[in-house]
Amino acid sequence: MLVIYGMTQNLSQISKAYDPKQVEQKTYRLWEKSGFFDPDRLPKSYTLNPKPYTIVIPPPNITGSLHMGHALNATTQDILIRWHRMRGFKTLWLPGTDHAGIATQNVVEKELKKEGKNRHDLGRKKFEERVWKWRGKYGDIILDQLKKLGASCDWSRTRFTMDPDYVHAVLFAFKHYFDKGWIYRGERVINWCPRCSTSLSDLELEYKEEKGKLWYIKYPLKDKKNASVTVATTRPETMLGDAAVAVNPKDTRYKSQVGETLILPIKDREIPIVADKLVEAEFGTGAVKVTPNHDIADFEISERHNLPRYQVIGEDGRMTKMAGKICEGLTTLECRQKVVDELEKLKLLEKIEDYTHRVSKCYRCENTVEPLISKQWFLKMDELAKMAIRAVKKNEVKFHPKRWEKVYFDWLANTRDWCVSRQLWWGHQLPIWYCENKKGEDNYFLSLEKPKTCLKCKTCKPKQDEDVLDTWFSSALWPFATLGWPQKTKDLKTFYPTQVLSTDRGIINLWVGRMVFSSYEFLNIRPFKDVYIHATVLTREGKRMSKSLGTGIDPLELIEKYGSDATRFGLIWQAMGGQDIRFAEEHFLAGKKFCNKMWNASRFVLTNKPPQIKRGYQRRLTQNLTKEDKKFLKQLDEIIATTNKDLEQFRFGQALHRLYNFFWHTYCDSYIEYTKKQNSKETDKLLLYGLITSLKLLHPFIPFITEEIYKTLPLKNKKLLLIEEWPK
RNA sequence: GGGGGGUUAGCUCAGCGGCUAGAGCGCCUGUUUUACACACAGGAGGUCACAAGUUCGAAUCUUGUACUCCCCACCA
């Protein structure tokens, strides 16, 4: 019989092997019940030194379920959070989810498709209701999964980007930019996904190499019989919308021909030859067809040369009336064949070459993106981008590892104005209203509420713009909108700015940059001090993990198999600061073994007449100790120091390796073995003290088992390890 | 086209100017030594991608080469 934690327990009751299933759920409930995830409910000692420490979680999509990236990122953040909480900071980890406009809309549309319906059958309102219903059912699944991992988020502060308060913040921000004159409506060639019927930003594209052809087409000169200029194109169907042929101004082959007129085949339209620096003389024949409405580069050329515009492809991805009778209504691919056939008949097809090129795809549905001219809303980026650059240049925001700032700078320095409108139904609808009576460009106004009367004509019932905002427009406000902005809330005052943003390298520009400038614009302060870019988890073969390819690994299966602590261990064990980690299951096994080792070492210490020591017991070098004791104390001091240092520098893997080594070899192999031959009260105390310290140091990494063992320690006035004092 | 990683034991990775190059997993031999066989004791296994250079000394620094992965970009 032995006395553990104030109650009598049989030795046989303590299992020889550690079983995470017996511990993890139970322990998580204990933490939740304690309320200590909520910084306002932390014990008094935490309010004496009210230094806040805040991390906002990168809000996962409501379509998501936990994948390896989330698991690694959540563990990383939880380590930082638990470490700081134990160090006495007023610690907040704020969770939440993102409505993820296009992604979620697609999921619900797929569901509808199974019922043989589409969103237009329902209508906008019913469709939105349907998405809300979907969200209610599946929207928080991933947050529940994070709990399985041990994430110590303050769930009472969970936010969603479509919460009423959050919607208000988004519209408030839009109005701010609008009033400043930074929001404008314009016609541009944008990336259009015909399947999703929406515009996409450049960052929302994915590229795929595709084998195609390069067609060489002769465009006859108007005034010279039998003479022509040959252009090369991968998309012959777009020639129906050509407005010119362009050559490089320095290209001697064409110099004399600039200004002459060509006859566009099939359409028999007269088009000029223009000189533009964008054209590369080396490509194809050095002469390029210019299709202003269906190519971003061509649009720019057309602006410089004042060319007319012909819209030959519609938003449905089919050829328009303007394409001509023989092509109208055809898909672009059907039309391509038609055009090629016609050209052959006219003997204007010089040659066809095989050609592999990059095709833009929608990042959500993988359909080929169609560049189209369209009226969209833009946010001026020049000032904002400058702010974002300055913040990092002045070290107010730091990237870890540092090299990622280059990705950030490169994008910001070259970015165009941000197309913030999306033709979706799920999202924050633009607070723009159109007058029914007024014509022309000055026919709209902004109103956050539904206007009672039209601000333009005072008589009509204005119609709201149907577009919604880019989902990233709302996530750009995440760090402060979640804390109550634009209201001057207590939370905002207490917890803002946040300390660390931990995220994936894939969204440095999509998200991080935009949060930085938003924060400076609205609060004149950085949103976070450190941006930690965590490793990307790849397959064992070094390929991207992908659900659709079936190469993904489900972290929940790992938790099931090895336990949550071992899963965290396995991820962090490999997170050495490099960019990629290949999935290797043996590291999770190592985690499981390590937990077992801790379990048994603790069993040994606690079943061998453990000494009674006080909770705040601090052993320091004194003359009463043996040589071995002193050595161990020194090693203990060292591991405390290196753990702190590693964590300060985001060296999570290194910290864990050192702790592993310390616990297994220094503590178990060396010190425990030594104490077996030793009969000294001081040594026994030190042995227990060493265990306590190890539990504390390891708690941020493997919180469940350390908490469970701590529970059984013979300490007076014990608290949860969750809020115990970090070793000094 | 531009940029950034990587190449070290069978596998996944540390080490990034200086003791016989390390860990986990795997493998081999032994041990049921009363915390742990998810363990312990011991062991095999590496021209640190290649080449040249700097240095008293290089896996570590420089340059080049090869292979590989990832970003970005308006080569139609």
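Proteins get letters first, then strands, A, B, ... in listed order; numbering begins at 1 in each. Bear in mind that the values here come from a model prediction, so they are computed numbers and not experimental data.
- Within the 4.5 Å cutoff, no side-chain heavy atoms of A:Thr233 are placed close to those of A:Met239.
- Ion pair A:Asp382/A:Lys386 not flagged as a salt bridge, since none of the NZ, NE, NH1 or NH2 atoms sits closer than 4.0 Å to an Asp/Glu carboxylate oxygen.
- With B:G24, B:G4, B:A35 as the choices, the nucleotide that has an atom nearest any side-chain atom of A:Arg603 turns out to be B:A35.
- As a whole-Å value, the separation of A:Arg658 CZ from B:G15 C1' is 11 Å.
- Here the OG-CG distance, from A:Ser602 to A:Leu713, works out to 7.5 Å after rounding to the nearest 0.5 Å.
- In the set B:A35, B:A76, B:U12, the nucleotide with an atom closest to the side chain of A:His587 is B:U12.
- Heavy-atom neighbours of A:Arg304 CZ from other residues, nucleotides or ligands within 6.0 Å: above the threshold of 12.
- Distances from the side chain of A:Ala17 to the nucleotides B:C38, B:C71, B:C13 place B:C38 closest.
- Among the atoms of the strands shown, only primed sugar atoms or phosphate atoms (P, OP1, OP2) are found under 4.0 Å from some heavy atom of A:Tyr355.
- Out of B:C13, B:A35, B:C36, the shortest distance to the side chain of A:Phe604 is found at B:A35.
- Residue contacts shown for A:Tyr18 are absent, as no nucleic acid heavy atom lies under 4.0 Å away.
- Taking 4.0 angstrom as the limit, A:Lys593 places a side-chain polar atom (N or O) nearer than this to OP1 or OP2 of B:G26.
- Mapping A:Asp669 and A:His657 onto RNA chain B by nearest heavy atom places A:His657 closer to the 5' end of the strand.
- In the set B:C36, B:G24, B:C74, B:C74 carries the atom at the smallest distance from any side-chain atom of A:Arg416.
- When rounded to the nearest whole Å, the span between CD of A:Glu353 and C1' of B:A76 equals 13 Å.
- Searching all strands for a Watson-Crick or G-U wobble partner of B:C19 with both distances below 3.5 Å returns nothing.
- Rounded to an integer number of Å, the gap from A:Phe594 CZ to B:C25 P is 12 Å.
- In this structure, A:Glu300 reaches neither bases nor backbone, as no heavy-atom distance under 4.0 Å exists between it and the strands shown.
- Here the side chains of A:Val339 and A:Trp215 are not in contact, with every heavy-atom distance at 4.5 Å or above.
- Note: NZ (A:Lys561) to C1' (B:C38) measures 14 Å, nearest angstrom.
- Closest to the A:Lys406 side chain, of the nucleotides B:C40, B:A76, B:G3, is B:G3.
- Closest contact between the side chain of A:Arg403 and the listed nucleotides B:A35, B:G24, B:G5 involves B:G5.
- Distance, A:Leu659 CG to B:G24 P: 15 Å, rounded to whole Å.
- No hydrogens or angles were tested; on distance alone, a donor-acceptor pair under 3.5 Å links the side chain of A:Glu673 to the base of B:A35.
- Distance from the side chain of A:Lys597 is smallest for B:C40 among the nucleotides B:C71, B:C40, B:A23.
- For A:Tyr207 and B:C71, the shortest distance from a side-chain N or O to OP1 or OP2 is not below 4.0 Å.
- Side-chain proximity of A:Arg505 to the nucleotides B:C70, B:A35, B:A14 is greatest for B:C70.
- In the set B:C38, B:A35, B:A76, B:A35 carries the atom at the smallest distance from any side-chain atom of A:Cys668.
- In this structure, A:Trp404 has its ring center no closer than 6.0 Å to that of A:Phe399.
- By the 4.5 Å heavy-atom criterion applied to side chains, A:Ile508 and A:Thr503 are not counted as neighbours.
- Here, B:G43 and B:G4 have their C1' atoms 42 Å apart, quoted to the whole Å.
- Looking at heavy-atom distances under 4.0 Å, A:Ala590 makes contact with sugar-phosphate atoms alone, never a base.
- Contacts of residues 274-285 of chain A with RNA chain B (heavy atom under 4.0 Å): A:Leu278, A:Val279, A:Glu280, A:Phe283.
- Between A:Trp418 and A:Trp472 there is a side-chain heavy-atom pair separated by less than 4.5 Å.
- Separating the NE2 atom of A:His665 from the C1' atom of B:C40 is a distance of 12 Å, rounded to the nearest angstrom.
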